[in-house]
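Here the structure comes first, spelled out in C-alpha cells, and everything after it is commentary.
Numbering of ligands and ligand atoms starts at 1, following listing order. The shown structure was predicted, so the numbers you read here are calculated from the model rather than taken from an experiment.
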Amino acid sequence: MKVLVAGSSGGIGAAIADKLRADGDYVLTISRFGEPSSSHLVCDLTKPESVDQVSKFLADRGPVDAVFCCTGILHGGWNMPEKSLLQLTSEWLQQNMLVNVQSHIHLAQAIAPQVKRTAPIKWVSLSAMVGSIEDNALGGWYSYRMSKAALNMFIRNLSIEWGRKAPGSVVVAQHPGTTDTGLSEPFQSGVAKGKLYSREQTASRLIVVMKKLSEKEHGKLLYWDGSVIVF
Ligand SMILES: NC(=O)c1ccc[n+]([C@@H]2O[C@H](COP(=O)([O-])OP(=O)(O)OC[C@H]3O[C@@H](n4cnc5c(N)ncnc54)[C@H](OP(=O)(O)O)[C@@H]3O)[C@@H](O)[C@H]2O)c1
C-alpha cells in the first residue's frame with residue numbers, strides 16, 4: 001500500500017511509519033522536522049499554507065491508499081490539561097483546536113482532489129477516547145476533550161462527503177490506547193498496570209485495523225482494536 005503518515009516525528013507517528021516500511025509498504029511522511037526528501041515533506045500542518053505544500057508534494061506521487069494523521073497535543077510549555085473550569089483559557093483552547101482539529105482539516109483539504117470514485121481512500125485520524133461525550137464521566141481536560149470531540153465531528157462529516165464522492169472510502173477517528181510517548185508521559189503513573197502500551201505495540205495494532213477497515217467502521221470512532229466507541 002501507499003500510506004501517508006502525518007506527524008511522523010511523534011511517538012506513534014514514527015512507530016507507524018517504521019512498521020509500515022518494515023512490512024514493505026510505500027510510506028510518505030509529513031512532519032515539522034527532518035530532512036526533506038522524495039518521501040518526506042517538512043511542513044507544519046497547523047499553518048494554512050500547508051494545504052498547498054502538501055498538495056504539491058502529493059501531486060507527482062499519485063493518490064495514496066491510506067492516511068494516518070497522528071498530530072495532536074495534550075500539554076506543552078507551562079500548559080497542562082485543565083482540572084477545573086477556571087483553568088480554561090482561550091489561548092490554550094485555541095492551541096488545542098489548532099493542533100487537534102485544524103491540522104487534520106488542512107491535511108484532508110490537501111488530499112481531497114485525489115479522492116475520487118476511481119481512487120477511494122482509507123483515512124485514520126488519531127483522536128482519543130476522552131473526546132467521546134458519552135464516555136465522559138470524569139470531567140476535566142476541557143481543551144483536549146472539546147478539541148477531540150470537534151475532531152470526531154469533523155471525521156463524521158468527512159466520511160459523509162468522501163463516502164459520496166468516492167464510494168468504498170473508509171474514514172475513521174481512532175483512539176490508539178494509552179501509549180508510552182511524550183504526550184502521555186506526565187500521566188503514566190495513573191495508568192492501570194498493563195494498560196500502557198509501547199509505541200511499537202500501538203503501531204502494529206493500528207496498522208492491522210487500518211488494513212481491514214470496511215464499510216461498517218466508516219464514520220465511526222474506533223478503539224485501538226477496531227471496536228466502536230460511542231461518540
Ligand atoms: N500517547 C497516548 O497515550 C495517546 C492517547 C490517546 C490519543 N493519542 C493521540 O494520538 C496522536 C499521537 O500522539 P503521540 O502520543 O504520538 O504524541 P506526540 O509524540 O506528542 O506526537 C504528536 C505529534 O503532533 C504534532 N504536533 C504536536 N504539537 C504540534 C504543534 N504545536 N504544531 C504542529 N504539530 C504539532 C507533531 O508532529 P511533527 O512533530 O511530526 O510535526 C507531534 O510529533 C495524538 O493525536 C494524540 O492526541 C495519544
*Residue pair Asp25, Arg21: steps toward the salt bridge (Lys or Arg N to Asp or Glu O under 4.0 Å) verdict*: CA-CA 5 Å; Asp25 292 298; Arg21 283 190 206 101; over 6 Å; no

*Below 4.0 angstrom from a heavy atom of Ser31, which ligand 1 atoms are there? Numbered from 1 as shown, please.*
38 (P), 39 (O), 40 (O), 41 (O)

*asked:* If hydrophobic clusters are built by linking Ile, Leu, Val, Met, Phe, Trp and Tyr wherever their side-chain heavy atoms come under 4.5 Å apart, do Val124 and Ile121 end up in the same one?
replied: no

*With atoms numbered from 1 as shown, which atoms in ligand 1 lie under 4.0 angstrom from a non-hydrogen atom of Gln95?*
31 (N)

*For the residue pair Trp141 and Phe187, is the inter-centroid distance of their aromatic rings smaller than 6.0 Å?*
yes

_Region of Thr46 engaging ligand 1 - heavy atom pairs below 4.0 Å_ = side chain

*Starting from atom 21 (O) of ligand 1, find the nearest protein heavy-atom neighbour and note its residue, name and distance.*
Gly10 CA, 3.3 Å

*asked:* At less than 4.0 angstrom from any non-hydrogen atom of Lys148, what atoms of ligand 1 do you find?
replied: 44 (C), 45 (O), 46 (C), 47 (O)

*Out of Ser8, Ser31, Ser103, which one pairs with Thr71 under the side chain to side chain donor-acceptor pair (under 3.5 Å) rule?*
Ser103

_Within ligand 1, which atoms have a heavy atom of His175 less than 4.0 Å away?_
6 (C)

*If you measure every N/O of Thr178 against every N/O of ligand 1, is any gap under 3.5 Å?*
no

*Should Phe33 be counted as touching ligand 1, given the test is an N or O pair under 3.5 Å?*
no

*More than 12 foreign heavy atoms under 6.0 Å from CD1 of Ile133: is that the case here?*
no

*Have a look at Ser143 and tell me which of Glu82, His75, Glu91 forms a side chain to side chain donor-acceptor pair (under 3.5 Å) with it.*
Glu82

*By number and element, which atoms of ligand 1 are closer than 4.0 Å to a non-hydrogen atom of Leu126?*
10 (O), 11 (C), 45 (O)

*Looking only at protein heavy atoms, which one is nearest to atom 7 (C) of ligand 1, and how far off is it?*
Ser127 O, 3.0 Å

_Option of least heavy-atom distance to atom 1 (N) of ligand 1 (set: Val130, Leu74, Thr181)_ = Thr181

*asked:* Just to check, does Tyr197 reach to within less than 4.0 Å of ligand 1 when the distance is taken from its heavy atoms?
replied: no

_Using a 4.0 Å heavy-atom cut-off, which part of Asp44 comes near ligand 1: side chain, backbone, both, or neither?_
side chain

*Measure the distance from atom 8 (N) of ligand 1 to every protein heavy atom, then report the residue, atom name and distance (to 0.1 Å) of the closest one.*
Pro176 CG, 3.5 Å

_Any donor-acceptor N/O pair, Arg145 side chain to Val130 backbone, under 3.5 Å_ = yes

*For atom 12 (C) of ligand 1, which protein heavy atom lies nearest, and how many Å away is it?*
Cys70 O, 3.1 Å

*Please write down residue, atom name and distance for the protein heavy atom closest to atom 27 (C) of ligand 1.*
Gly72 O, 3.3 Å

*Quick one: does Ala14 get a heavy atom under 4.0 Å from ligand 1?*
no

*asked:* Within ligand 1, which atoms have a heavy atom of Ser184 less than 4.0 Å away?
replied: 3 (O)

_Pairs of nitrogen or oxygen atoms closer than 3.5 Å, one from Gly11 and one from ligand 1: do any exist?_
yes

_Polar proximity ligand 1 side, Ser8 side, N/O cut 3.5 Å exclusive_ = yes

*At what distance, to the nearest 0.5 angstrom, does CG of Leu213 lie from CD of Gln174?*
7.5 Å

_Looking at non-hydrogen atoms alone, which of Val191, Leu183, Val5 comes nearest to atom 4 (C) of ligand 1?_
Leu183

*Regarding Arg156 and the six-membered ring of Phe231, is the cationic atom NZ or CZ under 6.0 Å from the ring centre and inside 45° of its axis?*
no

_Any N or O of Ser9 closer than 3.5 Å to N or O of ligand 1_ = yes

*If you take all heavy atoms of Pro186 and Gly182, which pair is closest and at what distance?*
CD-O, 3.7 Å

*Measure Val99 to ligand 1 on non-hydrogen atoms and call it side chain, backbone, both or neither using the 4.0 Å cut-off.*
side chain

*asked:* Just to be sure I'm reading this right: ignoring hydrogens, which of Gln102, Gln174, Arg32 gets closest to atom 36 (C) of ligand 1? Compare them by their nearest heavy atoms.
replied: Arg32

*So which heavy atom in the protein is nearest atom 3 (O) of ligand 1, and how far is it from that ligand atom?*
Thr179 N, 2.8 Å

*Below 3.5 angstrom, do we get any N/O pair linking Gly182 and ligand 1?*
no

*Hey, does Cys43 come in under 3.5 Å of ligand 1, counting only N/O atoms on both sides?*
no

_Single-linkage hydrophobic cluster Met210~Tyr197, side-chain heavy atoms < 4.5 angstrom_ = yes

